[in-house]
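No experiment lies behind these values; they were computed from the predicted model shown. Side-chain atoms are counted along with the backbone in the values below, which use heavy atoms only and exclude waters and symmetry mates.
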Amino acid sequence: MSKSIKEIKEEFEQTPWDKWHILFGQYENDERAGVKKLLETYRRKEEKEERERSRVEKMCVYEKKHQSFTHICGIDEVGRGPLAGPVVAAAVILPKDARILYINDSKKLSEKKRDELYDIIMDTATAVGIGMRSPQRIDEINILNATYEAMQDAVANLKVHPDLLLNDAVTIPEIDIPQVPIIKGDEKSISIAAASIIAKVTRDRLMKEYDSLLPQYGFASNKGYGSREHIEALKQYGPTPIHRRSFIGHFIR
């Protein structure tokens with residue numbers, strides 16, 4: 001007796017995608033319309049999977065180029081532009097064979113997808129380091145220098161010492177490790193993309209905690225950026241200890 005369509009679907013779901021070709025061969029002569037439709041669905045899924053794996057492989061070009069290095073570290077930051085909250089940097093060392101599907105520049109991902117990838121990266125990574133600088137430090141030394149300090153701390157907080165840094169666009173001062181600045185690196189390097197996701201999720205979760213303490217500013221949704229809601233609250237209630245005074249002078253008297 002032939003298997004039901006439900007049973008065939010369950011078989012596909014329980015089989016790794018790179019073995020689906022065996023199932024396609026097994027059921028390609030089944031004349032039932034439901035089976036034909038099911039096979040078409042899984043062929044599209046297979047094509048999507050192959051495209052995604054190809055995209056991720058292209059994001060490993062810099063890691064492959066510098067494969068003579070043992071521990072390649074991607075570095076990125078988030079929070080240079082907000083009116084409130086810290087700037088956060090992350091440093092991530094991935095195993096050389098790591099291929100994390102759907103990884104990308106954190107800005108191109110939904111919050112749900114970032115959270116999913118955050119857990120995968122934390123489970124996969126050889127080492128992860130976080131650094132951040134407060135609004136007060138940003139006001140004191142300016143956002144660029146505060147970002148550099150956060151990046152320096154992120155590297156220092158790694159449990160494994162990197163021998164090459166792949167940075168999103170910048171060269172970090174006062175670090176004696178070889179560096180490769182890459183324009184739009186969070187789109188081009190799997191290591192930098194991983195760092196961008198770790199930094200983004202870390203900072204977003206922190207801003208949600210601030211929102212529970214200061215709900216009138218909408219930090220859970222605007223993450224400290226200058227949304228209309230945030231600016232109106234700033235004018236009405238004034239600045240908080242997590243506001244960057246050097247960023248908000250034209251919004252308050």
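Ion pair Arg114/Asp204 flagged as a salt bridge, since at least one NZ, NE, NH1 or NH2 atom sits closer than 4.0 Å to an Asp/Glu carboxylate oxygen. Between Lys36 and Glu40 there is no salt bridge, since no side-chain N of the basic residue sits under 4.0 Å from a carboxylate O of the acidic one.
Hydrophobic cluster membership of Leu166, counting Ile, Leu, Val, Met, Phe, Trp and Tyr whose side-chain heavy atoms lie under 4.5 Å apart directly or via other members: Val61, Tyr62, Phe69, Ile72, Leu164, Val180, Ile182, Ile192.
Summarising the local packing, NZ of Lys188 is surrounded by more than 12 heavy atoms from other residues, nucleotides or ligands at distances under 6.0 Å.
Of the N and O atoms on the side chains of Glu232 and Tyr217, not one donor lies less than 3.5 Å from an acceptor on the other residue. A donor-acceptor contact closer than 3.5 angstrom is absent between the side chains of Ser227 and His230.
Proximity of a side-chain donor or acceptor of Asn167 to a complementary backbone N or O of Ala169 within less than 3.5 Å is not detected. Counting only distance, with no hydrogens or angles, the side chain of Lys200 and the backbone of Val78 share no donor-acceptor pair below 3.5 Å. Side-chain atoms of Gln179 come within 3.5 Å of backbone atoms of Ile172 as a donor-acceptor pair (strictly under, hydrogens ignored). The backbone N or O of Glu63 lies less than 3.5 Å from no partner atom in the side chain of His66, so there is not a single donor-acceptor pair. A distance-only check finds no donor-acceptor pair linking the side chain of Arg80 to the backbone of Leu144 [under 3.5 Å]. Formation of a donor-acceptor pair under 3.5 Å by the Arg133 side chain with backbone atoms of Met151 is not found in this model. Although no hydrogens or angles enter the test, the distance criterion places a donor-acceptor pair under 3.5 Å between the side chain of Gln136 and the main chain of Pro241.
Residues forming a ring pair (Phe, Tyr, Trp, His ring centres under 6.0 Å) with Phe24 (at least two apart in sequence, or on another chain): Phe12.
In this structure the side chain of Leu214 never reaches within 4.5 angstrom of the side chain of Tyr237, judged on heavy atoms.
Both the sub-6.0 Å distance and the 45° axial angle are satisfied by Arg205 relative to the ring of Tyr118.
Taken from OG in Ser189 to CE in Met59, the straight-line distance is 6.5 Å, to the nearest 0.5 Å.
For residues 101-112, the pairs satisfying side-chain hydrogen bond (donor to acceptor under 3.5 Å, both in side chains) are Asp105-Lys107, Lys107-Asp186, Lys108-Glu187, Glu111-Lys208, with sequence neighbours left out.
Of all heavy-atom pairs spanning Ser4 and Arg32, the tightest one is CA-NH1, 4.1 Å. The minimum heavy-atom distance between Asp76 and Ala195, with the atom names listed, is N-CB, 3.6 Å.
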